[in-house]
Peer 1: 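Got a structure here, written out as structure tokens. Questions coming.
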Amino acid sequence: MLWSLFINCFKVGAFTIGGGYAMLPVMKDVFVNQKNWVSEEEFVDMVSVIQTVPGAIAVNSSIYLGRKVAGIPGAIAATLGSVLPSFLIILLIATTLTSWYQNPHVANFFAGVRPAVVGLILVSGIKLGKDILSSKLNILLTLIFAFLALVLKIHPVLLLAFGALSGMFLYQRSEE
Amino acid sequence: MLLKLFLSFLKIGAFTFGGGYAMLPLIQRDIIEINHWLTESEFLDIIATAEMTPGPIAINSATFVGYKLSGFWGSVVATLAIVLPSFVAITLLTVILNKLKDNKNAQNSIRGMRPAVTAMIITAALSLAPQSIVRPVDFILFAGACILSWKNWLNPIYILLASGVVGLLFGFI
């Protein structure tokens, strides 16, 4: 189990180009679809709660999910797996002092990967939203949050705090 | 030196909410302006490298700065230091969440965060789009990735690989 966590997170880490959100679709595919380690709902909640504490999204997700699957040893295995690819790549760049990443072929490869990353993030956002956007209240909330994030550039932690507060008051009322 | 490096990155790891990009201003202040461990242009190089290569930008920066200052062990120490606060924080968070499992207010709060996260993921994609989708071929790759992943026809890693290969071949034309 620990080995499987390590190797799967290593794969996820090796393909995370463009920040933490780029990792979510790949990680969801492994943890939810392929391995059934967590449910779709748990995954969405994970994405929310891990952003309320400090740290990189990719690292926090690995710790959280690893712990959920196999306790503290699981958290260590998952984190090692997702951190090791970037550690090795940067070490290679730093030790050889070559800028092979500026090599035109490598640059072309990554230029091709990027549009796909955008597509994957977008689709994973919409898919995660599919269940959430079933009520009018949630559609309204999502639109408001999207506006706050995109136009007013509200900090993610504040956005989550607004979400938490609105959930606490609005959902309670709608249940009564 | 290793201890100083450890403490600096521990601090950076402990005080950045909201992902790796939020760490950059802190790294800039601590590593460049206060300690002079890196020059401004080296820092820009790291950001460029981090954007080109896989991995969280926080890890990439820590590994690079650590190596530059104290070699291999420096990179190990800096990388560990930046991950450690997350480890402690997530562990505490899990314990607290378990205690709040039956608390209605807490559960409603977590449910309330779902629309916020959906909005954040979609806006993350939209904000990456202008610099990632430039050429017509990029648009085709973007649309292809959307369809393949929407229909679950291909696993995301293969979509990324295939897209990279197309980008590589397109370079020869």
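Note on naming: letters A, B, ... go to the chains in the order of the sequence lines (proteins, then strands), and numbering restarts at 1 for each one.
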Peer 1: Between chain B and each of A:Asn138, A:Thr52, A:Ile139, count heavy-atom pairs under 4.5 Å; write down the option with the most.
Peer 2: A:Thr52

Peer 1: Would you say A:Asn60's side chain and A:Pro54's backbone share a donor-acceptor pair under 3.5 angstrom?
Peer 2: yes

Peer 1: Sort A:Ile126 into side chain, backbone, both or neither according to what part of it lies under 4.5 angstrom from a heavy atom of chain B.
Peer 2: both

Peer 1: What part of B:Ser149 is in contact with chain A, defined as an atom under 4.5 angstrom from a non-hydrogen atom: side chain, backbone, both or neither?
Peer 2: both

Peer 1: Is there a donor-acceptor pair under 3.5 Å between the side chain of B:Thr94 and the backbone N or O of B:Ile90?
Peer 2: yes

Peer 1: So which part of A:Leu165 gets closer than 4.5 Å to some heavy atom of chain B, the side chain, the backbone, both or neither?
Peer 2: neither

Peer 1: For each of B:Thr91, B:Ile12, B:Val166, B:Leu126, tally heavy-atom pairs with chain A at distances under 4.5 Å, and name the one with the top tally.
Peer 2: B:Thr91

Peer 1: Using modelled atom types and a 3.5 Å cut-off, is there a donor and acceptor pairing between side-chain atoms of A:Ser39 and backbone atoms of A:Glu42?
Peer 2: yes

Peer 1: Relative to chain A, which of B:Ser86, B:Ala145, B:Gly71 shows the most heavy atom pairs under 4.5 Å?
Peer 2: B:Ser86

Peer 1: Please look at B:Val76 and chain A and tell me whether the side chain, the backbone, both or neither of the residue comes under 4.5 angstrom of a heavy atom of that chain.
Peer 2: both

Peer 1: Shorter than 4.5 Å, heavy atoms on both sides: which option in A:Ile63, A:Val59, A:Val47 has the most such pairs with chain B?
Peer 2: A:Ile63

Peer 1: B:Leu148 versus chain A, heavy atoms under 4.5 Å apart: side chain, backbone, both or neither?
Peer 2: neither

Peer 1: Hey, which of B:Pro115, B:Pro156, B:Gly144 has the most heavy atom pairs under 4.5 Å with chain A?
Peer 2: B:Pro115

Peer 1: Counting only heavy atoms closer than 4.5 Å, note whether A:Ser62 contacts chain B via side chain, backbone, both or neither.
Peer 2: neither

Peer 1: Count the heavy atoms of every other residue, nucleotide or ligand shown that sit under 6.0 Å from CD of B:Gln131, and state whether that count exceeds 12.
Peer 2: yes

Peer 1: Return the CD1 to CE distance between B:Ile110 and A:Met168, rounded to the nearest 0.5 Å.
Peer 2: 12.0 Å

Peer 1: Looking only at atom types and distance, does a side-chain atom of B:Ser75 sit under 3.5 Å from a main-chain N or O of B:Gly66, one as donor and one as acceptor?
Peer 2: no

Peer 1: Take B:Lys4 and B:Leu69, measure what side chain to side chain contact (heavy atoms under 4.5 Å, CB included) needs, and give me the verdict at the end.
Peer 2: CA-CA 11 Å; B:Lys4 259 186 99 176; B:Leu69 292 171; over 6 Å; no

Peer 1: A:Ala111 versus chain B, heavy atoms under 4.5 Å apart: side chain, backbone, both or neither?
Peer 2: both

Peer 1: Would you find a donor on one side and an acceptor on the other, under 3.5 Å apart, between the side chain of B:Asn35 and the backbone of B:Asp30?
Peer 2: yes

Peer 1: Are any side-chain N or O atoms of A:Ser48 and backbone N or O atoms of A:Val44, one a donor and one an acceptor, separated by less than 3.5 Å?
Peer 2: yes

Peer 1: Go through B:Ile82, B:Asn60, B:Leu93, B:Ile159 and name the one with the most non-hydrogen pairs under 4.5 angstrom from chain A.
Peer 2: B:Asn60

Peer 1: Looking at chain A, which one of B:Ile157, B:Val83, B:Ile133 has the largest number of heavy-atom pairs inside 4.5 Å, strictly under?
Peer 2: B:Ile157

Peer 1: If only atom types and distance count, is the side chain of A:Lys127 paired as donor or acceptor with the main-chain N or O of A:Pro25 below 3.5 Å?
Peer 2: no

Peer 1: Who wins among A:Phe109, A:Phe145, A:Tyr64 for the most heavy-atom pairs under 4.5 Å with chain B?
Peer 2: A:Phe109

Peer 1: Let me know if A:Lys68 has heavy atoms under 4.5 Å from chain B in its side chain, its backbone, both or neither.
Peer 2: neither

Peer 1: Among A:Gly119, A:Ala146, A:Ser124, A:Pro115, which residue forms the greatest number of heavy-atom pairs with chain B at distances under 4.5 Å?
Peer 2: A:Pro115

Peer 1: At a 4.5 Å cut-off on heavy atoms, which part of B:Ala14 comes close to chain A: side chain, backbone, both, or neither?
Peer 2: backbone

Peer 1: Side chain, backbone, both or neither: which part of B:Tyr67 has a heavy atom under 4.5 Å from chain A?
Peer 2: side chain

Peer 1: Kindly indicate, with the supporting measurements, whether the criterion side chain to side chain contact (heavy atoms under 4.5 Å, CB included) is fulfilled by B:Thr39 and B:Ile32.
Peer 2: CA-CA 6 Å; B:Thr39 66; B:Ile32 303 173; over 6 Å; no

Peer 1: Who among B:Leu161, B:Thr63, B:Thr118 has the most heavy-atom pairs with chain A under 4.5 Å?
Peer 2: B:Thr63

Peer 1: Among A:Leu141, A:Val118, A:Leu148, A:Leu120, which has the most heavy-atom pairs under 4.5 Å with chain B?
Peer 2: A:Val118

Peer 1: B:Thr123 side chain to B:Met120 main-chain N or O, any donor-acceptor pair under 3.5 Å?
Peer 2: yes

Peer 1: What part of B:Phe139 lies closer than 4.5 angstrom to a heavy atom of chain A: side chain, backbone, both or neither?
Peer 2: neither

